[in-house]
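For reference, the structure is listed below as structure tokens.
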Protein chains: 2
Amino acid sequence: MSVNQEKDQPRRRQARGERRIAQLLEAAATVFTTTGYTAASTNAIAREAGVSPGTLYQFFPNKEAIAIELGDRLMHEMRETYGEALAPVDPATPLEQAVGAAVDRFIAFNCEHPVFFALMHGPDIPGRITEEHDALHATLLSRIEGLLSSVLPDIRPADLSRTAHMCLGLYKAGLELVLAHEGTERDAYVQELKNALIRYLAPLVGDRLGPTH
Amino acid sequence: MSVNQEKDQPRRRQARGERRIAQLLEAAATVFTTTGYTAASTNAIAREAGVSPGTLYQFFPNKEAIAIELGDRLMHEMRETYGEALAPVDPATPLEQAVGAAVDRFIAFNCEHPVFFALMHGPDIPGRITEEHDALHATLLSRIEGLLSSVLPDIRPADLSRTAHMCLGLYKAGLELVLAHEGTERDAYVQELKNALIRYLAPLVGDRLGPTH
DNA sequence: GGCAAACACGAGAGATCGCTCGCGTTTCTC
DNA sequence: GAGAAACGCGAGCGATCTCTCGTGTTTGCC
């Protein structure tokens with residue numbers, strides 16, 4: 001979880017060092033978002049941060065570690081701030097509210113941290129990041145499955161998994177469109193994403209939580 | 001459209017050369033699909049094709065040209081074989097049939113040519129390919145808009161565009177899931193994709209073409 | 001058969017990028 | 001204030017990748 005990696009040699013950081021790390025991670029975030037992970041050169045990250053390549057390697061053992069630390073911090077913040085977005089809901093909650101609240105939270109997070117999308121959806125990302133992404137993916141899927149099964153007790157496991165995958169896939173598609181627009185148009189796409197999810201799920205949950213209003 | 005690029009010096013190809021080109025493009029397709037465009041090295045493509053690096057450059061001026069020629073041929077085949085998938089339909093056609101037919105055609109094409117998805121969705125692809133992708137994207141969007149407006153004459157232009165974008169986004173999300181599975185599970189995802197699209201569009205087209213059956 | 005052009009080879013030139021190293025500067029600790 | 005450790009620099013090493021070049025082989029044409 002921390003930046004050091006030399007075994008049991010914590011390398012006490014000064015305040016200046018912590019500042020540099022934050023600076024470098026911020027620079028890496030902008031470079032990763034604009035050029036992607038592989039195309040981003042460590043020299044470019046150092047330049048963006050206004051330091052020399054050598055200084056960068058004072059704090060990170062290699063390029064992958066930068067992405068990993070960035071991913072760790074984002075993942076941590078995501079779990080901390082929005083971890084409850086997919087908490088089990090009161091079965092009496094209307095489908096529209098449940099979907100709307102979850103979508104709003106995740107969209108807000110991704111709009112605040114566009115690098116998250118870039119790191120998680122690049123086809124060129126290295127092994128460790130992929131592992132983290134898969135872990136997050138699995139977590140999200142099981143959460144969604146939990147929500148679905150609480151509303152659909154009789155669903156077959158294979159259908160449950162497939163429906164959860166579809167929900168996540170639809171969300172990702174919508175997220176891409178949302179991030180590609182701004183202002184009121186962005187808000188409109190958020191609404192369309194909610195519509196797509198609600199309409200997709202409504203027939204499954206039946207009339208009880210149907211989209212009538 | 002052809003491979004030569006030296007100005008007005010057509011470089012007459014022999015039958016052997018045409019065979020090599022096809023061989024190299026096939027090798028490039030497999031390498032691109034497995035490693036992505038940037039990570040794919042020209043030497044690896046040549047090795048996959050069983051020829052030397054020098055031979056590769058006898059037929060392609062650079063790495064980008066390989067991807068471009070591959071994209072051109074795929075694009076051509078796509079327009080030729082499935083260009084009518086989004087042709088204007090009889091307004092009396094049920095929504096389910098129209099969506100189902102279009103999805104089936106595009107899914108079949110992408111399953112036959114997985115490299116198409118890899119080339120079009122990699123974040124690392126070079127300029128020319130992006131242009132082609134954008135052109136295809138725009139074509140598909142206007143086709144979808146045409147279909148939608150023939151069924152929804154009163155829709156506002158902004159809503160029309162947004163709905164078309166959503167349809168294409170939902171399709172891409174479903175395509176990714178479809179390509180990630182095989183056999184009967186793949187078929188199930190195709191059906192889910194159709195469901196998602198139909199349910200998304202059904203409320204718009206009203207009861208006339210509604211999803212009842 | 002003989003000539004020119006197309007095809008084929010593979011070593012390596014040239015460029016880029018991740019990362020290191022030696023040395024100088026700042027900060028902490030006593 | 002002195003010593004140690006953290007911080008900072010930037011030239012450049014080594015690895016990798018795209019693309020070239022000189023040379024040899026095959027094919028098409030008369």
Side-chain angles (χ1 to χ4, degrees), chain A residues 2-6 8-25 27-28 31-32 34-70 124-129, chain B residues 2-6 8-25 27-28 31-32 34-70 124-129:
Chain A
S2 67
V3 178
N4 60 53
Q5 73 155 7
E6 41 262 289
D8 296 335
Q9 198 153 0
R11 174 92 182 220
R12 288 182 37 220
R13 295 259 168 247
Q14 301 179 348
R16 187 174 33 153
E18 297 291 349
R19 250 181 285 127
R20 277 272 178 270
I21 290 177
Q23 202 175 114
L24 284 164
L25 287 177
V31 176
F32 285 156
T34 55
T35 69
Y37 174 78
T38 14
S41 81
T42 55
N43 286 17
I45 295 174
R47 202 181 319 120
E48 172 79 21
V51 302
S52 83
T55 298
L56 185 152
Y57 282 92
Q58 190 102 151
F59 302 101
F60 299 97
N62 52 49
K63 178 176 166 181
E64 182 175 355
I66 304 173
I68 290 179
E69 178 67 20
L70 196 54
D124 50 356
I125 42 188
R128 259 297 303 279
I129 297 282
Chain B
S2 68
V3 177
N4 60 54
Q5 75 156 9
E6 41 262 288
D8 295 337
Q9 197 151 2
R11 176 98 180 207
R12 287 179 39 219
R13 297 257 169 248
Q14 302 179 348
R16 185 173 36 149
E18 297 290 347
R19 250 181 285 125
R20 277 271 178 269
I21 290 178
Q23 202 175 116
L24 283 164
L25 287 177
V31 176
F32 284 155
T34 56
T35 70
Y37 174 78
T38 15
S41 82
T42 55
N43 286 14
I45 295 174
R47 202 180 319 120
E48 172 78 24
V51 303
S52 84
T55 298
L56 186 151
Y57 283 91
Q58 191 105 97
F59 302 101
F60 299 97
N62 52 47
K63 178 175 165 182
E64 182 175 354
I66 305 173
I68 289 178
E69 179 67 20
L70 196 54
D124 50 357
I125 42 188
R128 259 299 302 275
I129 296 283

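Residue numbers start from 1 in every chain, and the chains themselves are labelled A, B, ... in the order their sequence lines are given, proteins ahead of strands.
The CZ-P distance, from A:Arg19 to D:dA6, rounds to 17 Å in whole Å. Distance CD (A:Gln23) to P (D:dC7): 13 Å, rounded to an integer number of Å. In this structure, the CG atom of A:Leu56 is 16 Å from the C1' atom of C:dC21, given to the nearest Å. Between the CD1 atom of A:Ile66 and the P atom of C:dC17 there is a distance of 15 Å, given to the nearest Å. Per the geometry, OH belonging to A:Tyr37 stands 10 Å off C1' belonging to C:dG18, to the nearest Å. When the C1' atom of C:dC17 is taken as reference, atom NZ of A:Lys63 falls 8 Å away, rounded to whole Å.
Under the rule for a side chain to side chain contact (heavy atoms under 4.5 Å, CB included), B:Thr34 has no partner lying at least two apart in sequence or in another chain. With sequence neighbours left out, A:Glu18 forms a side-chain hydrogen bond (donor to acceptor under 3.5 Å, both in side chains) with no residue at all.
Between A:Tyr57 and C:dT20 there is no side-chain N or O to OP1 or OP2 distance below 4.0 Å. Applying the 4.0 Å criterion to OP1 and OP2 of C:dC17, one finds that A:Ser41 has every side-chain N and O outside that range.
No engagement by A:Ala46 is indicated, since no non-hydrogen atom pair under 4.0 Å with the nucleic acid exists. Counting any heavy atom pair closer than 4.0 Å across all strands shown, B:Ala65 reaches no nucleic acid atom.
Between A:Arg11 and A:Gln58 there is a side-chain heavy-atom pair separated by less than 4.5 Å. Considering only heavy atoms from C-beta on, A:Ile21 comes within 4.5 Å of A:Leu25 through its side chain.
Across A:Ala49 and A:Leu24, no two heavy atoms sit closer than the pair CB-CD2, 3.7 Å.
Rounded to the nearest 0.5 angstrom, A:Phe60 CZ and A:Ile66 CD1 are separated by 6.0 Å.
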Measure all distances between protein nitrogen or oxygen atoms and nitrogen or oxygen atoms of nucleotides 5-9 of chain C, and list the pairs falling under 3.5 Å.
from: C:dC7; atom 1: OP1; to: B:Gln14; atom 2: N; distance (Å): 3.0
from: C:dC7; atom 1: OP2; to: B:Arg13; atom 2: NH1; distance (Å): 2.6
from: C:dC7; atom 1: O4'; to: B:Arg16; atom 2: NH2; distance (Å): 3.3
from: C:dC7; atom 1: O3'; to: B:Arg16; atom 2: NH1; distance (Å): 3.3
from: C:dA8; atom 1: OP1; to: B:Arg20; atom 2: NE; distance (Å): 2.8
from: C:dA8; atom 1: OP1; to: B:Arg20; atom 2: NH2; distance (Å): 3.3
from: C:dA8; atom 1: OP2; to: B:Arg20; atom 2: NE; distance (Å): 3.2
from: C:dA8; atom 1: N7; to: B:Gln58; atom 2: OE1; distance (Å): 3.0
from: C:dC9; atom 1: OP2; to: B:Ser52; atom 2: N; distance (Å): 2.9
from: C:dC9; atom 1: OP2; to: B:Thr55; atom 2: OG1; distance (Å): 2.9

